Structure formats: C-alpha cells, structure tokens
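Some notes on the structure that comes next.
Note that the structure is predicted; figures quoted are calculated from it, not measured. What you see below is based on every heavy atom in this structure, not just the backbone, and it leaves out hydrogens, waters and symmetry mates.
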Amino acid sequence: MTSGLDIPPAWVAADWGTTQLRVWLLAADGSVLARKTSDKGMGRISPDAYEGVLLELIGDALPTEGKLDVVICGMAGSRQGWSEAPYAATPCPPPSIDMATHVTTQDARLNVHILPGVKQMSPADVMRGEETQIMGVTARDAQFNGVICLPGTHTKWARVQAGQITEFATFMSGELFNVIGDHSVLRHSVGRDGWNETAFRAACVKAIENPNTLMQSLFGLRAEALVADLSPEAARATLSGLLLGAELTAAQSYWDSSDVTIVGENALSQAYAAALATQGKTPRIVDAEETTLNGLKAAHSHLQESQS
C-alpha cells in the first residue's frame, strides 16, 4: 500500500452529489484517516466513469488481498448515476444496507454498496442523500421525533416519528434565488455578495404576513433600486427573505408545532434559523458533513452485521 496512511482504512464512506464527490477513509473505530474530494459529481461524468473516479481517490489505499467496503449515498444511485438504487417509499426508516444496491466492479478489491433515496407518492416527491443525513440525526438520537430541515438548492423539510420518515416536502427556493438573481430583471439590482440582516428579517415577515403580494414585492426590488437607492446588498438579502418567507408559509405545518433540527452550519442554514426566529422558533443546528458521515457509519454498521 502506498497511500501514505499510517494504518490501512477499514472501509470507505462516500457522498456522491450532483457537482461534488466527498470520500472519507475510515479506521475500524470510525475515526477519519483521510478526507478527499473531487469535482466529478454525477452531473459531470457518465455511468461508466464512476469506478475510475473512485479509484483516482482511493486506489492507493486498496488492500493487496481481500475487499474494501465502500458505502455511498447520493446521486450515484440515481437513474443517471453509477447504478440505480430504487427509492424506498414513505413511511419508512431512512434506508440502510438491507435496501442498498450492490455494484459489480471491475476491480475485485472493491465492495461497493449504494444507498437508496426515498420517494413519497402523494404529493409526489423524492430525495437522494438527505435520507442519509436524516439517518445521521436519528443515529445520534434514537428517540428523535420532530422535523428536520435540510437547506440547499432544493431544501427538504422532513417529519420523523418513531424512527420513520413519515412525510417530506421539497422547496426550490435556493434555485429560484439563483435564477431570479442571475437571469431576471432583478440581476441589475441584486448584488452577488454582501448581506443586510435587518432587510432579510423584514422581508421574511412581509412574505409570511402578506403571501399574496410576493410577485409584486419581487419587482418592488427593481423599483426601489431605481427610485429609492436600494443597495445591492439589501436587495440580495430582501430577495432571500421574500423567498424563505414564502417557503416558511408553505411549510408551516412542519415547523409550527414541532422542534426543528437544521442540518448545516453554513450561511444558508443560518438564514433558515434567522427566518424561523422571526416566528419565535429556536431551531437546533447540526453540522452537515458530520451528520452525513454519521448516517454512512450507521449504514456500514448494518453491513458489518450482515457479514458477521
């Protein structure tokens, strides 16, 4: 082995998203020996390229004899991914190894399992990757009952009861923010960076209290920039606040009477916490990467049990 590690990895965890791949080489006790990343996400490679991409990152850590377990979550299991891992249907526990797709690889040293996503039939919805983060939350707290918010380009709100994902909803607020800010008339008014917390919170409240005026309020950003010198930073924060306020209104059944756990500690997750704070909520925030890895560890423990 020429990986440069003091001890060989016991197994590998991977989160294969649309734009990025994150890989963790782990010891038997679950400690991280190495972390590696690649920009070769599902959206940038063909199905026949996955094994090669993985070997680029972990090939020098493969054993000379035997197999190395690799547990993967995310878009590698999509229809356009490495090998489709069919959805589990709600209500269901976050799917683990017993539902995973075992991938046949050319390199006999790899033992690859891809975790499935979750689907909801009515109203129709799907997730891939977030279910492993949900498993990461419940792995830390087996008695967890509540709502988990998973911010992103397509934010998920999921209700978990007695270890099962009972329902969830996806909101395209993040994608709409990018589309409106970059490709609509508001691109002339909305800054690409900067922030105004007061403007953000005011816009959240405005969207929640007056949801029918959202379309008018959006164009109002252009008008305010032209006639009232609205700054690009304030316009950016207001656009975000209007969209998150509209999302909170639609997702009120999730957060109104439940404790909320937000997965993520980046600026977007902080914005969700601030938006909820305008409604008197104090969500708990947990680290996204740690939560993903905890979910993958829980899945691997089930694989070990099945192999013993």
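A donor-acceptor pair under 3.5 Å is absent between the side-chain atoms of Q133 and the main chain of V263, judged by distance alone. When atom types are taken as modelled, the side chain of W16 and the backbone of I114 share no donor-acceptor pair closer than 3.5 angstrom. K297 places a side-chain N or O within donor-acceptor distance of the main-chain N or O of G30, the cut-off being under 3.5 Å. The backbone N or O of L248 sits less than 3.5 Å from a side-chain atom of W255, completing a donor-acceptor pair. Proximity of a side-chain donor or acceptor of K36 to a complementary backbone N or O of W24 within less than 3.5 Å is not detected. A donor-acceptor distance shorter than 3.5 angstrom exists from the side chain of S231 to the backbone of A234, with no hydrogens or angles considered. For the pair E51 (side chain) and Q106 (backbone), a donor-acceptor distance under 3.5 Å is present. Using modelled atom types, one side-chain atom of T101 and one backbone atom of E84 make a donor-acceptor pair closer than 3.5 Å. Using a distance-only test at 3.5 Å, with no hydrogens or angles considered, no donor-acceptor pair links the side chain of S257 to the main chain of S253. At distances below 3.5 Å, not a single donor-acceptor pair connects side-chain atoms of S31 with backbone N or O atoms of A27.
S269 and N266 are linked by a side-chain donor-acceptor pair at a separation below 3.5 angstrom, with hydrogens and angles left out of the test. No side-chain donor from either of S78 and R128 sits under 3.5 Å from a side-chain acceptor of the other. Side-chain contact, D98 with S96: no donor N or O sits under 3.5 Å from an acceptor N or O.
Shown here are the side chain to side chain contact (heavy atoms under 4.5 Å, CB included) partners of S217, two or more places apart in sequence or in another chain: K206, T213, L242. Partners of H102 by ring pair (Phe, Tyr, Trp, His ring centres under 6.0 Å), not counting sequence neighbours, listed by chain and number: H113.
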query = Would T37 and V23 satisfy side-chain contact (heavy atoms from CB on, under 4.5 Å), going step by step from the backbone distance to the final call?
reply = CA-CA 6 Å; T37 62; V23 168; over 6 Å; no

key: Test side-chain contact (heavy atoms from CB on, under 4.5 Å) applied to I262 and L276, step by step   = CA-CA 11 Å; I262 298 176; L276 285 165; 4.2 Å; yes

message = side-chain contact (heavy atoms from CB on, under 4.5 Å) for L239 and I180? Distances and angles first, verdict last.
response = CA-CA 9 Å; L239 173 59; I180 292 171; 4.0 Å; yes

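V137 and F168 end up in the same hydrophobic cluster when Ile, Leu, Val, Met, Phe, Trp and Tyr side chains are linked at under 4.5 Å. No single ILVMFWY cluster, assembled from side-chain heavy atoms under 4.5 Å apart, contains both M127 and F171.
Between S83 and V112 there is no side-chain heavy-atom pair separated by less than 4.5 Å. Residues L57 and S38 are in side-chain contact: their nearest non-hydrogen atoms beyond the backbone lie under 4.5 Å apart. Taking the side chain as every heavy atom from C-beta outward, R35 and E289 approach each other to under 4.5 Å. Between F177 and S240 the shortest side-chain heavy-atom distance falls below 4.5 Å. Side-chain contact between V12 and V71: absent, with no pair of heavy atoms (C-beta onward) separated by less than 4.5 Å. Using a 4.5 Å heavy-atom cutoff, the side chains of I72 and W82 are in contact. A heavy-atom distance below 4.5 Å is not found between the side chains of E233 and W195. Put simply, the side chain of L26 reaches to within 4.5 Å of the side chain of L293, judged on heavy atoms.
G81 approaches P47 most closely through the heavy-atom pair O-CB, 3.4 Å. For the pair M135 and A299, the tightest heavy-atom approach, listed with the atom from each and the gap, is CE-CB, 3.9 Å. Of all non-hydrogen atoms in T261 and V286, the two that sit nearest each other are CG2-CG2, 4.0 Å. When all heavy atoms of A85 and P116 are compared, the closest pair comes out as CB-CA, 3.7 Å. In this structure, S258 and K281 approach most closely via the heavy-atom pair O-NZ, 2.9 Å.
Salt-bridge formation is detected for the pair R192/D182: a Lys NZ or Arg NE/NH1/NH2 atom is positioned less than 4.0 Å from an Asp or Glu carboxylate oxygen. The pair D15-R22 meets the salt-bridge criterion, since a charged nitrogen lies less than 4.0 angstrom from a carboxylate oxygen. A salt bridge links R140 with E290: the closest approach of a Lys/Arg side-chain nitrogen to an acidic carboxylate oxygen falls below 4.0 angstrom.
Remark: R236 is not positioned above the aromatic ring of F200, lacking an NZ or CZ atom under 6.0 angstrom from the ring centre and at most 45 degrees off the axis. Annotation: cation-pi geometry satisfied between R159 and Y254 (NZ/CZ under 6.0 angstrom from ring centroid, within 45° of ring axis).
Hydrophobic cluster membership for V179: none, as no Ile, Leu, Val, Met, Phe, Trp or Tyr side chain comes under 4.5 Å of it. Under a 4.5 Å side-chain heavy-atom cut-off, the cluster of Ile, Leu, Val, Met, Phe, Trp and Tyr residues that includes V227 is completed by L226.
Once rounded to the nearest 0.5 Å, the distance linking OG1 of T249 with CD1 of I208 reads 5.0 Å. The distance from the CD atom of E130 to the OG1 atom of T291 is 13.0 Å, given to the nearest 0.5 Å. Once rounded to the nearest 0.5 Å, the distance linking SG of C92 with CE of M99 reads 7.0 Å. Distance check: K40 NZ to L21 CG gives 10.0 Å after rounding to the nearest 0.5 Å. Rounding to the nearest 0.5 Å gives a distance of 10.0 Å between CG of D69 and CG of L110. Here the CD atom belonging to E131 is positioned 7.0 Å from the CG atom belonging to L115, to the nearest 0.5 angstrom.
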Validation: residues 142-157 side-chain donor-acceptor distances under 3.5 Å, sequence neighbours left out:
residue : atom : partner : partner atom : Å
N145    : OD1  : A162    : N            : 2.7
N145    : ND2  : Q143    : O            : 3.2
H154    : NE2  : E175    : OE1          : 2.4
T155    : OG1  : G152    : N            : 3.1
T155    : OG1  : G152    : O            : 3.2
T155    : OG1  : Y272    : OH           : 2.8
K156    : NZ   : V126    : O            : 2.6
K156    : NZ   : T170    : OG1          : 2.8
W157    : NE1  : E247    : OE2          : 2.8

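With a 6.0 Å radius and a threshold of 12 heavy atoms from other residues, nucleotides or ligands, D259 has its CG atom at or below the threshold. Within 6.0 Å of the CG atom in D39, the count of heavy atoms belonging to other residues, nucleotides or ligands exceeds 12.
For the salt bridge (Lys or Arg N to Asp or Glu O under 4.0 Å) condition, the pairs that include at least one residue of residues 108-117, sequence neighbours left out, are D107-R109.
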